[in-house]
Protein chains: 2
Amino acid sequence: MCDVDTVYIKVDSVNIFLYIATMSSKKKKKTYHHGDLRNSLLVAAEKELRQKGTDISLREVAKVAGVSHTAPYRHFKDKTALLQALAAIGYQRLAEGVRAAKDQHADEPIEAMLGAARAYVELAVNNPEMTQLMFGGVLDQEVIIEEDLGVCSGDAFQALLEVVDLGLEHDVYQSDNRMEIALANWSMVHGLSMLITCGQLSGEAETDESVQGLTRMVGEMLMTGLKKKT
Amino acid sequence: MCDVDTVYIKVDSVNIFLYIATMSSKKKKKTYHHGDLRNSLLVAAEKELRQKGTDISLREVAKVAGVSHTAPYRHFKDKTALLQALAAIGYQRLAEGVRAAKDQHADEPIEAMLGAARAYVELAVNNPEMTQLMFGGVLDQEVIIEEDLGVCSGDAFQALLEVVDLGLEHDVYQSDNRMEIALANWSMVHGLSMLITCGQLSGEAETDESVQGLTRMVGEMLMTGLKKKT
DNA sequence: ACCTGAACACCGTTCAAGT
DNA sequence: ACCTGAACACCGTTCAAGT
């Protein structure tokens, strides 16, 4: 009743509470989770996602993170909220990948777009479960619980628009409608990604090289067109 | 003990058993499910899919079909098998839609392809949950339990190839690689479908008209190319 | 042959309680 | 403030049993 752990109640200070808890955890069995549990949960969730696919259990995530199965509810409203927060991280990486490709080809707008396409497909193929989580209808994009999801997914689209604008500035496109150009590129690249990650192209997209080849191929086809010139 | 229902055991004939069961069902409460339960389960499953989305419960499907929660196991190995059989129906409709569009434009290969694209996107947008089931990673395409799935999904791709061949016969494409042309078209159309059905384009794809407009737009962009001609 | 009902291990979520 | 443990209603699947 009068041991170290009870002191913090009377002191009523978060910092001191944490300090004592940290100290005592070195002696006793670590029962409380210290530090950023929210983040630990997301890390655990991604590990589970990669291993078991899109249908992961919140209880298992908690177990992997080393807390009780009710602890996640301190940081996320429900299971969907955790998955949305995880998807938000996926969109963040997507935006980063696209911007990195753009910066590498600042003077060659077409190569910048093809590079962005390569980054998009590569990320999707290397993280198929994450891709399915983001775009597979596991979570309703209509009902956004974690605001991060809306922000990050919007920013990813923004990154794509920046690559389009690069081309418009250099006057390389026939059309001057940035939305249309963006949507055509996005659809093409997204479609290829989804077809590969859901296993429809299992025959022709097995190695990294073949995936890159396919990406370049469909990307150039969109740029030059399929129809014969008259 | 000695009423009508027990006769069939001694007779040991399926037909007679079924006949007696049918007769008795008119008098008593219908406890057994007569006729094609397999089909009834698929109908119930699609109803549930449309209502509750991709995460449906096998028990609920059984309840909707009017049988006990273990009855489905007489017709499907497990829940995944039922979902795969349902997805197979989706691929079947896709193949039909594409072929119908092709037959409508037998002399205009480009219009045939654009029509097929329209059919594909339309079907996806009108059945978003089915689309997510087919392509969203809910079921592993790697592990096919219901053989129908493999057959029907292969046939849907076959239908697309037929539309490509129409164009090759009329010599309208720059490339002569049917696989490449097919993949470019498929990626484009599939990407647009998935972006709409997962809610990413909620702003610009609300009405049937706007969806058709977007489909035609990206389709024509692929045909003519984005880049300025030099 | 076809279906039922009890049983098991799991799940998401809530809530009173503990430190 | 942060986490736990019991409890509840649900789920997929198995199996002995019924007609």
Side-chain angles (χ1 to χ4, degrees), chain A residues 1-25 28-38 40-41 45 48 52 55-63 65-83 145, chain B residues 1-25 28-38 40-41 45 48 52 55-63 65-83 145:
Chain A
M1 288 294 195
C2 297
D3 66 321
V4 200
D5 283 334
T6 56
V7 175
Y8 69 93
I9 292 180
K10 286 154 193 166
V11 173
D12 196 12
S13 155
V14 181
N15 287 331
I16 292 181
F17 156 62
L18 286 175
Y19 176 70
I20 294 174
T22 307
M23 292 310 290
S24 68
S25 76
K28 295 185 179 184
K29 188 183 176 304
K30 190 179 180 182
T31 53
Y32 270 31
H33 192 281
H34 307 292
D36 195 359
L37 176 55
R38 195 191 127 97
S40 305
L41 285 169
E48 282 293 297
K52 319 235 173 110
D55 199 19
I56 59 179
S57 135
L58 190 56
R59 286 172 105 111
E60 191 65 30
V61 169
K63 190 187 281 182
V67 291
S68 80
H69 63 270
T70 56
Y73 289 89
R74 287 295 127 197
H75 301 275
F76 301 98
K77 187 196 158 256
D78 54 18
K79 186 184 173 181
T80 303
L82 188 152
L83 291 179
I145 303 170
Chain B
M1 287 293 195
C2 295
D3 64 319
V4 200
D5 283 335
T6 56
V7 175
Y8 68 92
I9 292 182
K10 286 155 194 166
V11 173
D12 196 11
S13 154
V14 181
N15 287 331
I16 292 180
F17 157 63
L18 285 175
Y19 176 72
I20 294 173
T22 307
M23 292 309 290
S24 69
S25 77
K28 296 185 177 184
K29 188 184 177 302
K30 191 178 177 183
T31 54
Y32 270 31
H33 192 282
H34 306 293
D36 196 359
L37 176 55
R38 196 192 126 97
S40 304
L41 286 169
E48 281 294 296
K52 320 239 172 105
D55 200 18
I56 59 179
S57 136
L58 190 56
R59 285 171 105 111
E60 192 65 29
V61 169
K63 189 187 280 180
V67 290
S68 81
H69 64 269
T70 56
Y73 288 90
R74 289 293 129 198
H75 301 275
F76 301 99
K77 187 193 158 257
D78 55 18
K79 186 183 174 182
T80 304
L82 189 152
L83 292 179
I145 304 170

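Quick note: numbers below take in every heavy atom, side chains included, and nothing from hydrogens, waters or symmetry partners. Below, read A as the first sequence line, B as the second, and so on, with proteins coming before strands; counting in each chain starts at 1.
Using a 4.0 Å heavy-atom distance criterion, A:S57 is classed as a sugar-phosphate-only contact. Looking at heavy-atom distances under 4.0 Å, A:L82 makes no contact with the nucleic acid at all.
Checking D:dT13, C:dC11, C:dT4 against every side-chain atom of B:H69, the shortest atom distance belongs to D:dT13. The A:T70 side chain lies nearest to C:dC15 when the options are C:dC15, C:dT4, C:dC11.
In this structure, the separation between CD on B:E48 and CG on B:D55 is 11.5 Å, given to the nearest 0.5 Å.
Atom NZ of B:K63 is separated from atom C1' of D:dC10 by 10 Å (rounded to the nearest Å). A straight line from CD1 of A:I56 to P of D:dC11 spans 20 Å, rounded to a whole angstrom. As a whole-Å value, the separation of B:E48 CD from D:dC10 P is 14 Å. Summarising the geometry, the separation between CZ on B:R59 and P on C:dC11 is reported as 16 Å, rounded to the nearest angstrom. Whole-Å rounding puts the A:R38 CZ to D:dA1 P distance at 19 Å. The separation between B:D55 atom CG and D:dC11 atom P is 10 Å, rounded to whole Å. The nearest whole Å value for the distance from the CG atom in A:D36 to the P atom in D:dA1 is 17 Å.
Contact between B:I56 and B:K79 at its shortest, heavy atoms only, is O-NZ, 2.7 Å. Closest non-hydrogen pair, A:Y73 versus A:L58, comes out as OH-CD2, 3.6 Å. The minimum heavy-atom distance between B:A81 and B:I145, with the atom names listed, is CB-CG2, 4.0 Å. Nearest approach of B:A62 to B:L41, heavy atoms of both residues: CA-CD2, 4.3 Å.
Looking at residues 71-80 of chain A, you'll see A:A71, A:R74, A:H75 sit with a heavy atom under 4.0 Å from some atom of DNA chain D.
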Check: Going through the checks in order, is the side chain to side chain contact (heavy atoms under 4.5 Å, CB included) test met by B:R74 and B:L37?
Finding: CA-CA 9 Å; B:R74 289 293 129 198; B:L37 176 55; 5.8 Å; no

Item checked: Canonical and wobble pairing (Watson-Crick, G-U, under 3.5 Å) of DNA chain C, dot-bracket with | -> ||.|||||...|||||.||

